[in-house]
Amino acid sequence: MEISSQYIASEIESKWYQHWMDNGYFHSEPDERSPFSIVIPPPNVTGVLHMGHMLNNTIQDILIRRARQKGLNACWVPGTDHASIATEAKVVKMLREEGVKKSDLTRDEFLNHAWGWKDKYGGIILEQLKKLGASCDWERTAFTMDDTRSEGVIKAFVDLYNKDVLYRGKRMVNWDPQAQTVLSNEEVLYKEVQGNLYHIKYMLEDGSDFLTIATTRPETLLGDSAVAIHPDDERFKHFHGKRVIVPIVNRSVPIIVDDYVDIEFGTGALKVTPAHDINDYDLGKKHNLEVIEIFNDDGSISEAGQFFVGEDRFKARKLVKAQLEEDELLVEVEPYRHNVGRSERTNAVVEPKLSLQWYVNMKMLVDPALEAVESDTVEFFPKNMKNTYRHWMVNIRDWCISRQLWWGQRVPAYYYKDDVFVSESPEGALTKAQQKYPDLKQEDLKQDEDVLDTWFSSWLWPISVFDGFNNSKDIEYYYPTSVLVTGWDIIFLWVARMIIAGYEWKGTFPFKQVYFTGMVRDQKRRKMSKSLGNSPDALALIEKFGADGVRFGMLSCSPAGGDLLFDEKLCEQGRNFTNKIWNALRLVQGWEVESNKTQPIENELAIDWFTSLSNSIIESLDKKFEEYRLSEALIDLYSYVWTDFCSWYLEMVKPPYGEAIDIYTKEKTVELFRCICTLLHPYMPFITEEVWSHLKNETISTDCILSQYPILDVVDPQIITETDIIKSIVSGVRDLRNKHQIKPKEKLTLFGIEDNITNELVQDPKKKAMLTKLSFLDEFEIVDSELENAVSFIAGKSKFFIQLKQEINIEEALAEKEKELKYQEGFIIGVQKKLANERFVQNAPEAVVANEKKKLADGLSRKKNLEQSIEELKSRL
RNA sequence: GAGUCAUUAGCUCAGUUGGUUUAGAGCGCUGCCUUGACAGGGCAGAGGUCACUGGUUCGAGUCCAGUAUGACUCACCA
C-alpha cells in the first residue's frame, strides 16, 4: 500500500496552510458580493495561545470558512490589543532584569523599549493561530496602538469631550499599587480570603472610658478621622458628642453618629478613614471629616501616616498590631472571612485611593445600545445573556478611562494653569488656548501625563479595524460586521461598550449577532488558568492530535454559553476521526475500476439512499448553524461520516475483495465523498483539503476551501425509512450470529414471516440484493410460520429467523423473549390507554392519532410474533 | 442581599413552539471479531421510575408553582 494506514496530521497541515496563504484565499477586498465579516477579539499582545483562544478562534474560523464556501465575501480581521498594564509590567520587569529602572528613563526612551519588546514578542499569538488553521486576512492585521487605531482613539476622545460626555474628577478609585495606576471596577476581581477582624480600644479623650472598634485593616487607623456609631445603639448613647484618641498617632477625633453603621456587625463601632475606604469617604463628606492620605502610590506609608513611614502596607499592618499589643489596646483578633479585591492584571491587592481621573458619562451614551439588544436588533446567543446585559446597562456607572502608565495613547488634554484644552494635536490645543491667552506658546501647555485605558481602544475595534473614522471604503462595505464571537466574561468590559461606540460613531450596531462561548474548564470544573497550572499547552495538543483533532475536541462539547469541561480524550476522538476519514479515502482510492462492468443493482439503492441522507444532513446543518448549535452540527456530521458513510454506505457498495468496481459507483462515491469534505471543511479544514486533493479530477479546479457549499436538493424520506428497515434486519442477523457463534462470513438463509414488509423485500430486487449482501446471506425466503430449531428476532414489526445446525439453550432464549414480550405489552398498554381516551382521539391532531394507531398495530404484530416464538420454544422444552 | 442558569445512563452532554414506536449521543463498561480501508478498527450488548412534590393538559423530560442541591453574575461586607 502506497499511503500510510495512519493519518499523520503534522505532515499535512503546514503544507495546506502555506498553500492557502500562497493563493491569497484569506484575503478579502470589497466587491459586488455580500460581505460576511468578523473582527477577532484581539488577544493581549503579551499573550500566548490558551484553551479559551483555541475555542473562540476555532468557532470564528468555522463561521468564516462556511461563509466563504457559501459564496459570501468572507473577511476575518485579526489583531492584538496593547494591554497597557500587562505589557508595561512585562517591559518594566525586563528592564529591571537588565538593571534599568523605569524612573531613570524618559517617557520616549521607555516607549522605545516597549515597542522593541512588542516587535519581538508581540506576534507570537497570531503565529499560533495559524497553527490552528485560522483563516484570517493577515494583510489586515491590526494593533490597538498602531497609527490608524490610535488616530481613532484620539478622535473619539476629543469628540466625546466636545459633546460634554467626558469629565475630569477627583474620586475614590481602585488603585493598583504595583502597576501604580487606577483600575476600573471591571478590572478588579474579588475573592473571599481568610483574614482577621481586629478589635481595638479607642480611649475617650478624657480617659474615662473607651470604645472598641472592629477592623480588618488596622494599619489604616493612622488615617482615621472619626469613629462612627449608630444613633439608636443603646450601648453607646453616652458617647454621643464625645471624642476619642486614635491609638499610636494619638489624634483626637470625633465620635459621629450615622445610621450607616450596622449595630449587629463587629462591635457596633466603626473607625472612619475617609482617604482609604469608599464608604468612609462618603461618611467623611457627609460629616465634614478630615481626609488623611497615609499611603504613597506604591502602597507604602506616607509622611502623613507619621509612623512606620516607608513601610509597605502589609508590613505596616504587623507593626501596628505589635504596637497595639504593646499599648494594651488590642482586645481580640477574630478570624474572619471577607472579600479582597485584586488587580486582574498584576494580582496586587487593590487599594481604594482618592485620585483625579478622566471619566466617561456613560448614562449619556447607553440608550441606543440598550434598545438594540432589547429589541434583538443585536441578537445574543444564548439569549439569556440579554438579562445580564440589561442589568449592567440600566445601572451603568461612569467609566474611568485614564491610566497612570506610559504604554498607551496619551490623553490629548493640555493644561495651562487651571485651564484644560482638548485637541487632536498640541498645535490644535495651542490654537484653542490662544483664544483665551493670546500670548501663550506651545511650551506653556503641558500635556496630560496619563494614557487611556486599553478598553478605550478596544471598544472602537469594529470601527477602527476598517479605518472607520475616515469613512473608508472598507467601513462602508464591511460594517456592521456579521457576528462577534467572545466569552461572556467580557460582556461589560468589551461587548456592551462596542455596541455603545457603534451607535455613537457609526449610527448603528457593530455586529448583528453575538455568540458567547463557554468557559473552558478542567475535569474538576475549575477555570483554566496560568496560576492553577491546569491548562494544557495548546501547541503541544496540536502537535499530538493535529489541529483538526483539537478543533474537533474543542467543538464537540461546547454549547453556546455553557461550560466546556476539557478532556484530552475529546481531541483523541477528533484525531481518530481524521484517521477514519483517511482510511475511507484509502479504500475508495484503492478500488480498481473496470469500465465495462455493470453496476450491481443494490448500489443504485445505496447511492440513492446516501444522496437523500446527505440532503437531509445539509438541511439540518443549515438549521443548526442558524441557531449557532455548532456542537450539535458537528456531532451530526460525525455520525453522518462515520456511521452512515463508512459503516453503511461503503459496506453497501464495496466490491468483494479482489474484485473491481463499476465506473458509475466509483464516480458517484467520489462525488459523495467530496460533498462530505465540503460539509466538514469548516470544522476540520486540513484533512478535508488533503482528501479533496486526492479526490480531485480534471473537471474540478477549486480547492476544498473554496468548494461551493452544496445547495439543498429534495429529500426522499421514504427511501431513508425503507433503508432503515433493511439496516435493522442486518443488525438483527448480526446479533443472531453473535449470540450463536455463527461466523460473520458464514453464509446462511434468512427467513421472514410473510407480511407487507417482507413481501416488499423479497419482491424488490434492489432491496433484496442489499439485504443479502450486508447480511452475508445465500438466500432470503418468505414463509408463513416459523421453522424447526430456529432462532428469531423482530425488526420493525416483522419477524425473521434462521435455522441452526446446533441445539440452542431454550431456557435462555425463552427468558429473553419473555422479557421482550413484557416490554411490548407495556408499550401496547400505553398506546391503548391513549387511544381509549375519547378526548385524545377528538382533540389531538389527526396525524398524531393515526401514528398512535400505527404504533398499536405494529406493537400488536410484534406481540403476536413473540407469543408464537415463545409457544414454539416451550414446545421444545 | 438581588438575579440568572442548571439538575436526564457510571462520566460529559443533546433532547429545537408539549405528541414521532413507554428517552438519544460520545466516552467508559461487557461479549465476540485479527491475513481484506481503518485496533487510532469492526459487530453486537448491558445501563435511565428524566432531582423531589404538586398543578395545567386528552397527553409533560418538555409548560406553571413550590422544595432541595449545585454553579455563576452583580451589589454589599468595619
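Throughout, protein chains are lettered first and strands after them, A, B, ... in sequence-line order, and every chain is numbered starting at 1. All values below were derived from every heavy atom in this structure, side-chain atoms included, with hydrogens, water molecules and symmetry-related copies excluded.
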Taking atom [atom1] in both [N] and [M], what distance in whole Å separates the two?
N     : M     : atom1 : result
B/G19 : B/A25 : C1'   : 23 Å
B/G3  : B/U12 : C1'   : 28 Å
B/A46 : B/A23 : P     : 14 Å

With sequence neighbours excluded, tell me which residues meet side-chain hydrogen bond (donor to acceptor under 3.5 Å, both in side chains) with A/Lys321.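 Partners of A/Lys321 by the side-chain hydrogen bond (donor to acceptor under 3.5 Å, both in side chains) criterion come out as none, since no residue qualifies.
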
Hey, is [X] close enough to [Y] for a salt bridge, meaning N to O under 4.0 Å?
X        : Y        : answer
A/Lys855 : A/Glu852 : yes
A/Lys727 : A/Glu651 : no
A/Lys286 : A/Asp282 : no
A/Asp858 : A/Arg862 : no

Distance test, side-chain N/O of [X] to OP1/OP2 of [N], below 4.0 Å:
X        : N     : answer
A/Arg629 : B/G15 : yes
A/Asn576 : B/C38 : no
A/Trp642 : B/G42 : yes
A/Lys654 : B/A37 : yes
A/Ser647 : B/C43 : yes

Round to a whole Å and report the spacing from [atom1] of [X] to [atom2] of [N].
X        : N     : atom1 : atom2 : result
A/Glu816 : B/A44 : CD    : C1'   : 12 Å
A/Gln523 : B/G26 : CD    : C1'   : 14 Å
A/Asp636 : B/A14 : CG    : P     : 14 Å
A/Leu570 : B/C11 : CG    : C1'   : 11 Å
A/Arg737 : B/G42 : CZ    : C1'   : 14 Å
A/Glu820 : B/G45 : CD    : P     : 11 Å

Select base, sugar-phosphate, or nothing to describe what [X] touches, counting heavy atoms under 4.0 Å on all strands.
X        : value
A/Arg526 : nothing
A/Asp567 : nothing
A/Arg734 : sugar-phosphate
A/Gln6   : base
A/Phe577 : nothing
A/Val261 : base
A/Leu270 : base
A/Ile213 : nothing
A/Ser731 : sugar-phosphate
A/Tyr336 : sugar-phosphate
A/Tyr260 : sugar-phosphate
A/Asp735 : sugar-phosphate
A/Asn579 : base

Can you find a side-chain donor-acceptor pair between A/Glu619 and A/Ser616 that sits under 3.5 Å?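 No donor-acceptor contact under 3.5 Å links the two side chains.
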
Between the side chains of A/Tyr202 and A/Asp224, is a donor N or O closer than 3.5 angstrom to an acceptor N or O?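 Note: A/Tyr202 and A/Asp224 side chains meet the donor-acceptor criterion.
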
Could you run through nucleotides 1-10 of chain B and give me one letter per nucleotide, 5' to 3': B if any protein heavy atom sits under 4.0 Å from the base, S if only the sugar-phosphate is that close, - if neither? ---SS-----

Quick one: on RNA chain B, does A/Lys624 or A/Lys527 contact a more 5' nucleotide (nearest heavy atom)?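 It is A/Lys624 whose nearest nucleotide is closer to the 5' end.
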
Which residue lies toward the 5' end of RNA chain B, A/Thr215 or A/Leu587, if each is placed at its nearest nucleotide?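 Final value for this comparison: A/Leu587.
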
Kindly assign one of parallel, tilted or perpendicular to the pair A/Trp582 and A/His694, based on the angle between their ring planes and the thresholds 30° and 60°.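 Because their plane-to-plane angle is over 60°, the rings of A/Trp582 and A/His694 count as perpendicular.
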
Any idea how A/Phe645 and A/Tyr649 line up, ring-wise: parallel (<30°), tilted (30 to 60°), or perpendicular (>60°)?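 Plane angle under 30°, so parallel.
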
Pull out every protein N or O sitting under 3.5 Å from an N or O of nucleotides 18-22 of chain B, one pair per line with the distance.
unit_1: B/U21; atom_1: O2; unit_2: A/Arg862; atom_2: NH1; d: 3.2
unit_1: B/U21; atom_1: O2; unit_2: A/Arg862; atom_2: NH2; d: 2.7
unit_1: B/U21; atom_1: N3; unit_2: A/Asp858; atom_2: OD2; d: 3.1
unit_1: B/U21; atom_1: O4; unit_2: A/Lys854; atom_2: NZ; d: 3.3
unit_1: B/U21; atom_1: O4; unit_2: A/Asp858; atom_2: OD2; d: 2.4
unit_1: B/U22; atom_1: OP2; unit_2: A/Tyr823; atom_2: OH; d: 2.6
unit_1: B/U22; atom_1: O4; unit_2: A/Tyr823; atom_2: O; d: 2.5
unit_1: B/U22; atom_1: O4; unit_2: A/Phe827; atom_2: N; d: 3.2

[options]: which one has an atom nearest the side-chain heavy atoms of [X]?
X        : options             : value
A/Trp488 : B/C58, B/G40, B/C72 : B/C72
A/Tyr657 : B/G40, B/G31, B/G36 : B/G36
A/Asn738 : B/C38, B/U73, B/C32 : B/C32
A/Arg586 : B/C58, B/U12, B/C38 : B/C38

Check: A/Lys569 side chain, B/C27 base, donor-acceptor under 3.5 Å: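 Per atom types, no contact qualifies.
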
Presence of donor-acceptor pair under 3.5 Å, side chain of A/Gln573 and base of B/G26: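 Between B/G26 and A/Gln573, which were checked side chain against base, a qualifying N/O pair under 3.5 Å is absent.
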
Which pairs would a plain distance check flag for residues 629-636 of chain A, meaning a side-chain donor or acceptor within less than 3.5 Å of a matching protein atom at least two apart in sequence or in another chain?
unit_1: A/Arg629; atom_1: NE; unit_2: A/Glu627; atom_2: OE1; d: 2.6
unit_1: A/Arg629; atom_1: NH1; unit_2: A/Glu632; atom_2: OE2; d: 2.8
unit_1: A/Ser631; atom_1: OG; unit_2: A/Leu555; atom_2: O; d: 3.1
unit_1: A/Ser631; atom_1: OG; unit_2: A/Ser556; atom_2: O; d: 3.1
unit_1: A/Asp636; atom_1: OD2; unit_2: A/Lys624; atom_2: NZ; d: 2.7

Out of the candidates A/Asn756, A/Asn865, A/Asp755, only one should pair with A/Lys797 under the side chain to side chain donor-acceptor pair (under 3.5 Å) rule; please name it.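 When A/Asn756, A/Asn865, A/Asp755 are each tested with A/Lys797, the side chain to side chain donor-acceptor pair (under 3.5 Å) holds only for A/Asn756.
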
Mind checking the CZ-OG spacing from A/Phe793 to A/Ser728? Nearest 0.5 Å is all I need.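 Result: 7.5 Å between the selected atoms.
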
May I ask you to check whether A/Phe516 and A/Phe380 place their ring centers less than 6.0 Å from one another?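 Between A/Phe380 and A/Phe516, which both carry aromatic rings, the centre distance is below 6.0 Å.
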
Just list the side-chain donor-acceptor pairs under 3.5 Å for residues 567-576 of chain A, sequence neighbours left out, or say none.
unit_1: A/Asp567; atom_1: OD1; unit_2: A/Lys569; atom_2: N; d: 3.0
unit_1: A/Glu568; atom_1: OE1; unit_2: A/Lys544; atom_2: NZ; d: 2.8
unit_1: A/Gln573; atom_1: NE2; unit_2: A/Tyr638; atom_2: OH; d: 3.3

Counting Watson-Crick and G-U wobble pairs with both distances under 3.5 Å, what is the dot-bracket string for RNA chain B, 5' to 3', using [ ] for crossing pairs and | for pairs to another strand? (((((((..((((.....[....)))).(((((.......))))).....(((((..]....))))))))))))....

State, yes or no, whether a side-chain contact exists between A/Asp548 and A/Phe577 at a heavy-atom distance under 4.5 Å.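 They are not in side-chain contact.
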
